[in-house]
Amino acid sequence: MTAGRALELLRRPNRPRRATYVELFFDVVFVFAVTRLSNFLFADLTWAGLWRVMLLLAAFWWIWVLTTWMSGRLDPDRPSVQTLIVTVMLASLLMSVAVPTAFGDQALLFAGLYVVSQVGRTVFVVRALRRGGVTAAGGRKVAWWILSAGLRVAGGVVDDARLLLWTVALVIDYSSAELRLPEYDLRGHGLTSSADHLAERFQQFTIIALGDKIIAPALKLAQYHYEIERILALVVSFWTTVLLWRIYFYRAGVLLPAGIVASRDPARYSRSLSHLHLILIAGLVISAASEDVIVSHPVGHNNIVWVAAIAGGPAVFLVGRMLLDKLTFSRVARSRVVGLLLLAVVVPTTVAIPPMLVTTTVNVVLTLVVISDTISWRRHPKEPAPAR
């Protein structure tokens, strides 16, 4: 491979940076993955179950983020790049299938597929570019992946220490990004990150998670007769999804590209965006799991775990949205803080009422947040502030 052919792998600077069809095709698997994770959490609504699901979610998210990062720099229309994306897609599909037993019989399979996806992608890019004489500083990244891979494979074998080993591996994976250990360094070749592309991709994954919140209660309703209380529960759940969609996309969600461009350190800003969106997605997964409860037991007896899940998902989402505000505008909207305080004060008193009414209470709080946002931004419109 010549240097010229290696450089052909890079996205051309003058090419539109919208998501390509192969990237959208890649996302289809993660629709399934998010649904599997919310179902898995619904089946085990405990603190231990929540931590297991969050570890799996973080693994899927990191595969998606790094593949998105790669496709924003390389040309996804090239056959070799498409082959890599589809291969990672297949591995992610098999990981999704293994989710219910990822901490059991299929632990080694899940860990192995994760390792193959992450290490394989890095090695492919580094070797392809180096053959053409393009500097690719991925050696340190590969070394970190190998360390993480060893812990994940060990966790796939050792039952008792699996949760601990996979947690440490996750910390290593995410720390390597904060330590600025790139998979490849393409500076000097006219290749820059596209703010529009990256922001659009984050928005698209958020839509995936919001879509799961619509699908989860609808699938649950299909398992029952269409009693009026279950239909009302579906309507209430849909209302929650619409409110969270509005809270995300109003202003800060739309202004993500401008925020990246305005930041003094776009790379750091983009890494922060990836971490903040993981918090947002986690809130949506928790909320989707709770909506299975709402449709299954709309007017039945409640318990503290269900209440925590019903309110916890939107609360985590609001925390992520607060951090996104802080990153984009260098300020936090008071409505987020007030909304969290209201959830903390009001929701614990709802244990004695049915799940559907708890959700309605949460929705009233979220509606107040939406109304406050709309009034505030119309009176005091803000542009993204330069991030430090």
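Only this structure's heavy atoms are used, side chains among them; waters, hydrogens and symmetry mates stay out.
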Query raised in the report: Got a second to check how far I172's CD1 is from L147's CG, nearest 0.5 Å?
Result: 4.0 Å
Query raised in the report: Would you call L24 and Q204 a side-chain contact if the rule is heavy atoms closer than 4.5 Å?
Result: yes
Query raised in the report: Between R52 and D44, is the closest basic N to carboxylate O distance under 4.0 Å?
Result: yes
Report task. Go through D325 and R336 one step at a time and tell me if the salt bridge (Lys or Arg N to Asp or Glu O under 4.0 Å) criterion holds. Result -> CA-CA 10 Å; D325 272 348; R336 321 271 189 252; 3.0 Å; yes
Requested in this report: Indicate if V369 and V364 have the same hydrophobic cluster label, given that clusters are the connected sets of ILVMFWY residues with side-chain heavy-atom separations under 4.5 angstrom.
Outcome: no
Report task. Let me see the working for L55 and F103 under side-chain contact (heavy atoms from CB on, under 4.5 Å), right down to the final yes or no. Result -> CA-CA 10 Å; L55 282 177; F103 285 88; 4.2 Å; yes
Query raised in the report: In terms of side-chain heavy atoms, does T167 have a donor or acceptor partner in W51 at a distance below 3.5 Å?
Result: yes
Query raised in the report: Roughly how far, to the nearest 0.5 Å, is the CG atom of L324 from the OH atom of Y248?
Result: 6.5 Å
Query raised in the report: Looking at D373 and R246, does any basic side-chain N land under 4.0 Å from a carboxylate oxygen?
Result: no
Query raised in the report: Is it true that a side-chain atom of T360 and a backbone atom of M356 form a donor plus acceptor pair closer than 3.5 Å?
Result: yes
Report summary line: Nearest heavy-atom contact between V295 and P217 is CG2-CB, 3.6 Å
Query raised in the report: Between P76 and I85, what is the shortest heavy-atom contact and its length?
Result: CB-CD1, 4.3 Å
Query raised in the report: Stepwise, does the side-chain contact (heavy atoms from CB on, under 4.5 Å) test hold for W69 with S274?
Result: CA-CA 10 Å; W69 206 279; S274 69; 5.6 Å; no
Query - Shared hydrophobic cluster, L163 / W47 (ILVMFWY, side-chain heavy atoms < 4.5 Å) - result: yes
Requested in this report: For residues L57 and I281, report the shortest heavy-atom separation together with the two atoms involved.
Outcome: CD1-CG2, 4.0 Å
Query raised in the report: Does K220 reach the side chain of S296, with side-chain heavy atoms less than 4.5 Å apart?
Result: yes
Requested in this report: Look at atom CZ of F25 and say whether more than 12 heavy atoms of other residues, nucleotides or ligands are closer to it than 6.0 Å.
Outcome: no
Query raised in the report: When you measure from the side chain of T349 to the backbone N and O of V345, does any donor-acceptor pair fall under 3.5 Å?
Result: no
Query raised in the report: Looking only at heavy atoms, which two atoms of M89 and V29 are closest? And how far apart?
Result: CG-CG2, 3.3 Å
Requested in this report: With R152 as the cation and Y114 as the aromatic partner, state whether NZ or CZ is under 6.0 Å from the six-membered ring centre and within 45° of the axis.
Outcome: yes
Report task. Scan side-chain atoms only and decide if T20 and E23 contain a donor-acceptor pair under the 3.5 Å cut-off. Result -> yes
Query - Separation between CG of L56 and CE of M95, rounded to the nearest 0.5 Å - result: 8.0 Å
**Report entry** N/O donor-acceptor pair under 3.5 Å between T350 side chain and V346 backbone
**Finding:** no
Query raised in the report: Under the side-chain contact (heavy atoms from CB on, under 4.5 Å) criterion, do F32 and V97 qualify, and how do the steps go?
Result: CA-CA 9 Å; F32 180 53; V97 173; 4.0 Å; yes
Query raised in the report: Should L284 and L210 count as side-chain neighbours, where that means a heavy-atom distance under 4.5 Å?
Result: yes
Requested in this report: Nearest 0.5 Å please: distance from the OG atom of S287 over to the CD1 atom of I294.
Outcome: 7.0 Å
Query raised in the report: Of the non-hydrogen atoms in A154 and L165, which two are nearest, and what is the gap between them?
Result: C-CD1, 3.8 Å
Query raised in the report: Do the side chains of Y174 and L278 get nearer than 4.5 Å, heavy atoms only?
Result: yes
Query raised in the report: Does a side-chain heavy-atom distance below 4.5 Å link N39 with F42?
Result: no
Less than 3.5 Å apart, which donor and acceptor atoms pair up between the side chains of residues 302-318 and the rest of the protein, not counting sequence neighbours?
{"unit_1": "N302", "atom_1": "ND2", "unit_2": "I353", "atom_2": "O", "d": "2.9"}
{"unit_1": "N303", "atom_1": "OD1", "unit_2": "V305", "atom_2": "N", "d": "3.0"}
{"unit_1": "N303", "atom_1": "OD1", "unit_2": "W306", "atom_2": "N", "d": "2.9"}

Query raised in the report: Rounded to the nearest 0.5 Å, how far apart are CD of E200 and OG1 of T68?
Result: 10.5 Å
**Report entry** F238 atom CZ: more than 12 heavy-atom contacts under 6.0 Å
**Finding:** no
Query raised in the report: Does L342 belong to the same Ile/Leu/Val/Met/Phe/Trp/Tyr cluster as V337, with side-chain heavy atoms less than 4.5 Å apart forming each link?
Result: yes
Report task. Check whether any side-chain N or O of H297 sits under 3.5 Å from a backbone N or O of V293 as a donor-acceptor pair, and report yes or no. Result -> no
Requested in this report: Could you check if a side-chain atom of D27 sits within less than 4.5 angstrom of a side-chain atom of R201, using non-hydrogen atoms only?
Outcome: yes
Query raised in the report: Given F60, which of F40, F110, F205 fulfils the ring pair (Phe, Tyr, Trp, His ring centres under 6.0 Å) condition?
Result: F110
Requested in this report: Determine the interplanar angle of the W64 and W61 rings, folded into 0 to 90°, and report it as parallel if under 30°, tilted if 30 to 60°, perpendicular if over 60°.
Outcome: parallel
Query raised in the report: What distance separates F30 CZ from R36 CZ, expressed to the nearest 0.5 Å?
Result: 15.0 Å
Query raised in the report: Is there a side-chain contact between V235 and W239 (heavy atoms, below 4.5 Å)?
Result: no
Report task. Heavy atoms only: give me the nearest L50-L41 pair and the separation to one decimal. Result -> CA-CD1, 3.8 Å
Query raised in the report: Transitively linked via ILVMFWY side-chain contacts under 4.5 Å: V338 with V362?
Result: yes
**Report entry** Note, N363 side chain near L243 side chain (heavy atom, < 4.5 Å)
**Finding:** yes
Query - N/O donor-acceptor pair under 3.5 Å between T46 side chain and G49 backbone - result: yes
Query raised in the report: Donor-acceptor pair, R162 side chain versus A107 backbone, under 3.5 Å?
Result: no
Requested in this report: Using the rule that two of Ile, Leu, Val, Met, Phe, Trp, Tyr join whenever any of their side-chain heavy atoms come within less than 4.5 Å, decide whether F124 and V116 are in one cluster.
Outcome: no
